[in-house]
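Counting starts at 1 for both ligands and their atoms, in listed order. Every heavy atom of this structure was used, including side-chain atoms; hydrogens, water molecules and symmetry mates were not.
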Amino acid sequence: MTDLNQLQSDLLKEIEAAGDEAALEAVRVAALGKKGSVSELLKTLGAMTPDERKERGPLINGLRDAVQAALAQKKETLAEAALGARLAAERVDVTLPVQEGPETRGRIHPISQVIEELTAIFADMGFSVAEGPDIETDYLNFTALNFPEGHPAREMHDTFFLAPDEKGERKVLRTHTSPVQIRTMMAQKPPIRVIIPGRTYRHDSDQTHTPMFHQVEGLVIDKQADIAHMKWILEEFCKAFFEVEQVKMRFRPSFFPFTEPSAEVDIQCSRKGGEIRFGEGEDWLEILGCGMVHPNVLKNCGLDPDEYQGFAWGMGIDRIAMLKYGMPDLRPFFEADVRWLNHYGFRPLDIPSLVSGLTA
Ligand code: DAH
């Protein structure tokens with residue numbers, strides 16, 4: 001009798017002392033497993049006389065029930081403690097600041113940013129964006145733009161030529177975005193109002209020239225598009241882009257084979273204290289070439305110059321980016337130096353728009 005009481009009290013103590021589920025399981029096996037102490041006692045019931053069994057049966061079964069109940073209870077306690085520990089370990093403070101991710105660390109290249117800015121400005125004036133390939137035919141880069149064969153203007157462009165193909169045709173890396181004017185006029189009927197941002201290539205390299213650079217072309221073709229419209233558009237663009245109330249622009253006569261008349265445009269600026277400011281000052285800075293589209297160019301695109309006319313311009317994107325953001329040297333633009341990009345780059349979620357302000 002006492003041995004049962006002793007066993008029960010021992011087992012209950014062991015159960016109480018089990019520190020985790022594995023220890024508890026060991027106690028269970030030792031008591032209720034096939035060869036466990038309680039199981040062995042249960043086995044003795046079979047060999048007893050009915051009277052003995054009547055007396056011992058309830059006691060041994062009672063012992064088993066008590067041990068089982070204690071095991072179940074302890075198991076629950078241990079599970080609760082384990083859950084509590086896990087919750088404490090995995091606690092998250094939702095009030096902590098968000099961790100820096102790629103979307104906050106990465107930077108947008110100033111060229112990409114400026115292309116977004118000028119697209120926003122021209123989109124607001126009703127322009128859409130057109131694109132063309134970097135590898136262009138000699139015909140579209142030069143001939144269709146009214147550069148006569150052998151004309152020195154072709155030389156002025158310091159063209160990169162590709163090896164002739166099987167037909168003997170020698171493609172070029174486009175020297176300007178102007179061939180996309182031709183592509184656009186051949187593909188759609190006027191009225192046309194497009195800007196064409198893109199990469200251009202010339203054999204040239206110094207502080208303000210790189211062999212690959214960027215231009216944005218503008219083209220407007222309609223029945224009455226004239227120089228006054230062009231001046232207004234370019235002025236509005238400069239005010240919006242440089243974020244100034246007023247700009248003074250100077251149209252100087254110039255020559256391009258694809259425009260007649262042609263002009264180069266300077267904008268007034270001040271360079272006091274080594275810093276360029278627009279909308280004031282005594283200096284002039286050239287920013288673009290423009291003109292009325294030459295009748296030969298219209299004809300080359302199947303448009304009747306007696307019915308349609310228009311204007312076009314071409315501007316260096318790298319140049320206006322340098323001016324706006326005070327970057328003195330063009331070459332690091334294309335050196336992929338992360339330190340430069342961290343300094344001059346833009347946060348990815350600062351998307352320029354006319355509503356929120358171009359440069360937030
Ligand atoms: N394509 C010229 C260049 O690369 C720039 C230019 C001048 C474009 C006059 C035009 C234009 O569309 O009308 O220097």
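Linking Ile, Leu, Val, Met, Phe, Trp and Tyr whenever their side-chain heavy atoms come within less than 4.5 Å puts Phe311 and Ile227 in one cluster.
When each atom of ligand 1 is checked for a heavy atom of Ala312 under 4.0 Å away, the hits are 11 (C), 12 (O), 13 (O). Near Phe256, meaning under 4.0 Å from any of its heavy atoms, are these atoms of ligand 1: 7 (C), 9 (C). Taking every non-hydrogen atom of Gln181 and a distance limit under 4.0 Å, the qualifying atoms of ligand 1 come out as 12 (O). Numbered from 1 in the order shown, with element, the atoms of ligand 1 that lie under 4.0 Å from a heavy atom of Thr259 read 13 (O). The contact set between ligand 1 and Gly291, taken as ligand atoms under 4.0 Å from a residue heavy atom, comprises 13 (O). In summary, the atoms of ligand 1 found under 4.0 Å from a heavy atom of Ser178, numbered by their order in the structure, are 1 (N), 8 (C). Within the listing of ligand 1, atoms 3 (C), 4 (O) sit less than 4.0 angstrom from a heavy atom of Gln215.
Lys324 forms a cation-pi arrangement with Phe241, by the criterion of a distance under 6.0 Å to the ring centre and an angle within 45° of the ring axis.
Residue, atom and distance of the protein heavy atom nearest to atom 5 (C) of ligand 1 are Gly314 CA, 4.0 Å. What sits closest to atom 11 (C) of ligand 1 on the protein, heavy atoms only, is Phe258 CE1, 3.4 Å. The protein heavy atom nearest to atom 3 (C) of ligand 1 is Arg202 NH2, 3.5 Å. Ranking the protein heavy atoms by distance from atom 12 (O) of ligand 1 puts Glu217 OE2, 2.5 Å first.
Applying the salt bridge (charged side-chain N to carboxylate O under 4.0 Å, His left out) test between Glu136 and each of Arg174, Lys171, Arg170, Arg183 identifies Arg183 as the sole match. Of the candidates Asp134, Asp158, Thr159, Thr210, Tyr201 forms a side-chain hydrogen bond (donor to acceptor under 3.5 Å, both in side chains) with just one, namely Asp134.
For Glu217 (side chain) and Ser178 (main-chain N/O), a donor-acceptor pair under 3.5 Å exists by modelled atom type.
Inter-residue side-chain proximity for Leu234 and Met249 is flagged as met; some heavy-atom pair is nearer than 4.5 Å.
Separation of the Phe258 and His176 ring centroids falls under the 6.0 Å cut-off.
Using modelled atom types, one finds no donor on one side chain facing an acceptor on the other under 3.5 Å when comparing Tyr308 with Asp222.
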